[in-house]
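Numbers here are sequence positions counted from 1.
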Amino acid sequence: MSPRPSLLVLLGATLAAGCGAEPSSSGNRLGLELTISRAVADELGAFQVVVLPEGQSRRCGDIQRTCLNQQVKPQEALVIQGPDGTKARALRFEAGLQSGAQELTVDIPVGRDYVVVIEALSRSNPPRFLGSSCNYLESVSATRNEPLIAAAITLTAVECDPTFAP
C-alpha cells in the first residue's frame with residue numbers, strides 16, 4: 001500500500017440528519033460529505049478522523065456507541081496524513097463550519113475494505129465524545145475515486161475522552 005491519495009472531507013451542519021447532494025469528484029481525491037444535527041453543532045469543537053482496515057469485518061453500529069479508542073488498539077488504525085504533512089493514526093481538525101460546511105483533506109493509503117470513522121469532539125478540555133459517523137469504503141485508488149457520502153453523526157451520551165494514543 002502506498003499512502004498518497006487524498007480523502008476530501010466536506011462537513012456540513014444541518015438541522016436534519018441524512019445524506020446531502022453528492023460532492024464532485026476530482027483526480028485522486030475522494031469526496032466525503034457529513035451531515036450533523038444542530039445539537040452537535042452547538043457543542044462541536046473538532047472532528048477526529050480515523051481509518052481502519054478490514055472494514056467489512058467491523059460493525060458500524062457497535063463502533064458508534066462509544067469512543068473508538070476504547071474499541072480498537074491504536075496500531076489497528078492506518079497512518080493517514082493531513083494537509084500540513086502531519087502523519088498520525090488519528091487526525092484532528094478544528095471545527096470551522098462556515099455556512100454549514102467545512103472542507104478537510106486527508107491522504108489515506110491506496111487499498112481496499114476500509115472503515116472511515118469521524119468522531120465529533122466537544123470544545124471542553126479534555127474533549128468529550130459527542131458522537132460519530134462510521135462509513136464503509138470499498139476502495140481507494142491511486143487515480144480517480146468516487147465521492148463517499150458519510151453517514152450522519154449519531155449522538156451518543158457517553159462520557160469518554162476520545163483522544164487516540166500516538
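In this structure, a donor-acceptor pair under 3.5 Å is present between the side chains of Arg92 and Thr163.
By the 4.5 Å heavy-atom criterion applied to side chains, Ser133 and Phe47 are not counted as neighbours. Taking 4.5 Å as the limit, every side-chain heavy atom of Ile108 sits out of range of all side-chain heavy atoms of Leu78. No side-chain heavy atom of Val115 sits under 4.5 Å from any side-chain heavy atom of Asn135.
How far CZ of Phe129 is from CD of Gln48: 10.0 Å, rounded to the nearest 0.5 Å.
Scored by the side chain to side chain contact (heavy atoms under 4.5 Å, CB included) test, Ala77 finds Val50, Leu52, Arg89, Phe164 as partners (sequence neighbours excluded). The side chain to side chain contact (heavy atoms under 4.5 Å, CB included) search around Ser122 returns Ser124, Pro127, Arg128, Leu130, not counting sequence neighbours. Not counting sequence neighbours, the partners of Gln71 by the side chain to side chain contact (heavy atoms under 4.5 Å, CB included) test are Ile63, Thr66. Ser57 meets the side chain to side chain contact (heavy atoms under 4.5 Å, CB included) test with Glu54; sequence neighbours excluded.
Remark: the backbone N or O of Pro126 is not paired with any side-chain donor or acceptor of Asp161 at under 3.5 angstrom. With hydrogens and angles disregarded, no donor-acceptor distance shorter than 3.5 Å links the side chain of Asp107 to the backbone of Gln81. Looking at Tyr136, its side chain does come within 3.5 Å of a backbone N or O of Arg58 through a donor-acceptor pair.
Residue pairs meeting the disulfide (SG to SG under 2.5 Å) criterion with at least one member in residues 109-145, sequence neighbours excluded, are Cys60-Cys134. Every pair passing salt bridge (charged side-chain N to carboxylate O under 4.0 Å, His left out) that includes a residue from residues 59-73 is listed here, sequence neighbours excluded: Asp62-Arg65.
Scanning all heavy atoms of the two residues, the minimum distance from Ser141 to Val110 falls at C-CG2, 4.0 Å.
Leu137 and Leu91 end up in the same hydrophobic cluster when Ile, Leu, Val, Met, Phe, Trp and Tyr side chains are linked at under 4.5 Å. A single hydrophobic cluster is seen to contain both Val51 and Ile118, as judged by linkage of ILVMFWY side chains at heavy-atom distances under 4.5 Å, directly or through other members.
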**Request:** Using the side-chain contact (heavy atoms from CB on, under 4.5 Å) rule, take Val106 and Phe93 through it: C-alpha gap first, then chi angles, then the decisive distance, then the call.
**Result:** CA-CA 10 Å; Val106 179; Phe93 298 90; 3.6 Å; yes
**Asked** How far apart are the C-alpha atoms of Ile80 and Val49, what are their side-chain angles, what is the distance that settles it, and do they pass the side-chain contact (heavy atoms from CB on, under 4.5 Å) test?
**Response** CA-CA 9 Å; Ile80 54 180; Val49 179; 4.3 Å; yes
**Prompt:** What do the steps show when you test Glu138 against Arg112 for salt bridge (charged side-chain N to carboxylate O under 4.0 Å, His left out), and what is the final call?
**Reply:** CA-CA 6 Å; Glu138 186 177 321; Arg112 304 183 73 67; 3.8 Å; yes
